[in-house]
Amino acid sequence: MQIKKAVIPAAGLGTRVLPASKAVPKEMLPIIDKPAIQYIVEEAVQAGITDILIITNRGKGVIEDHFDHAVELEGLLRERGKGQLADTVAATADLANIYYIRQKETRGLGDAVLRAREFIGNDPFAVLYGDDVIFGEDPAIGQLIRAYERYGKSAVGIQTVTEEQIQKYSSMKLTPLQDNYYEITDMIEKPRLDQIFSLYSILGRCVLEPEIFDILSQTPPGAGGELQLTDAMKTLANRSGVVGVDFTGTRFDMGNKFGILQANIEVGLCHPEVAAPLRAYLKELAARLS
Ligand code: UTP
């Protein structure tokens, strides 16, 4: 079964990056010259995804505008001889078939994914968290799709994080399968230090069997009073097994201030227009700091 559909939950409150995320969704905060969510859509497309459902809420209409044609702007740019820029602007409207649904109340990531039930139907599907941008040669979600094809089981993207970070994420109990694949036997969302299984955490990507929807609809609210996707994936791991993929790629958390800074510096250092001046600036700055 080829995985063609993806869900991008982007309906969170983004409280950690307020007031920047008051009127602009955190998923639309820029990394140099593109909003975070565009990199995520591009990753999905690179991995063969053709249909994407973005979960939005009130005030996230700018996401829809971004992936639509800006006819007047494109026309003006062409009139002024800026055809190449017009093409770049237009291309964002044709990346994939993008659909939207609103999560009417912010009830957690699990609840956001549950909104995708009708759109997904009975096929396995990909989930890319709207505030986790991952850069790498091999798209992270593509690595998970390959794991799904190999084992015939749901797959989650994992990497090790620090003790401080894991308390804000999830912790995996796992046993090695082979290479960078692990069997996940248990997991916990936002663990206290004495509840940690390992420093492996799910970071923003999974491929799920549609069975997750029934599980989600029977899962009670968890950490923070929200319906947690991790709690439902834990049930899925017990019932049908879940494979953890220690994926290659660097992940930036656009839901926190430092993550946004890091993403801009790292991407800036590879960007043809700003790499050279940024590098010179960072060297000069480092000399001033030491
Ligand atoms: P987060 O937990 O990082 O988002 O969810 P948040 O709730 O916006 O964060 P803070 O703690 O208030 O800063 C991960 C992804 O899930 C989406 C978010 O938009 C983000 O992309 N999400 C979260 C939803 O779509 N709905 C929700 O109810 C919660």
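Start at 1 and go down the list; that is how both ligands and their atoms are numbered. Here the structure is a predicted model, which means the values were calculated and not measured.
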*Check E189 against S170 and note the closest heavy-atom contact, atom names and distance.*
OE1-CB, 3.6 Å
_E183 with K153: basic N within carboxylate O range, under 4.0 Å_ = yes
*When you check the gap from the basic side-chain N to the acidic O, do D214 and R239 get nearer than 4.0 Å?*
no
*Mind jotting down which protein residues get a heavy-atom contact under 4.0 Å with ligand 1? Chain and number order, please.*
P9, A10, A11, G12, L13, G14, T15, R16, K26, E27, Q103, T106, R107, G108, L109, A112, G130, D131
_Filter on ring-ring contact (aromatic ring centres under 6.0 Å, His included), then keep only pairs touching residues 195-221, sequence neighbours left out; what's left?_
F125-F213, Y182-Y200
*Report the residues that fulfil salt bridge (Lys or Arg N to Asp or Glu O under 4.0 Å) with D65, sequence neighbours left out, ordered by chain and then residue number.*
none
Can you give the donor-acceptor pairs under 3.5 Å from side chains of residues 46-53 to other protein atoms, not counting sequence neighbours?
unit_1	atom_1	unit_2	atom_2	d
T50	OG1	K4	O	3.4
D51	OD2	N97	ND2	3.3
D51	OD2	Y99	OH	3.2

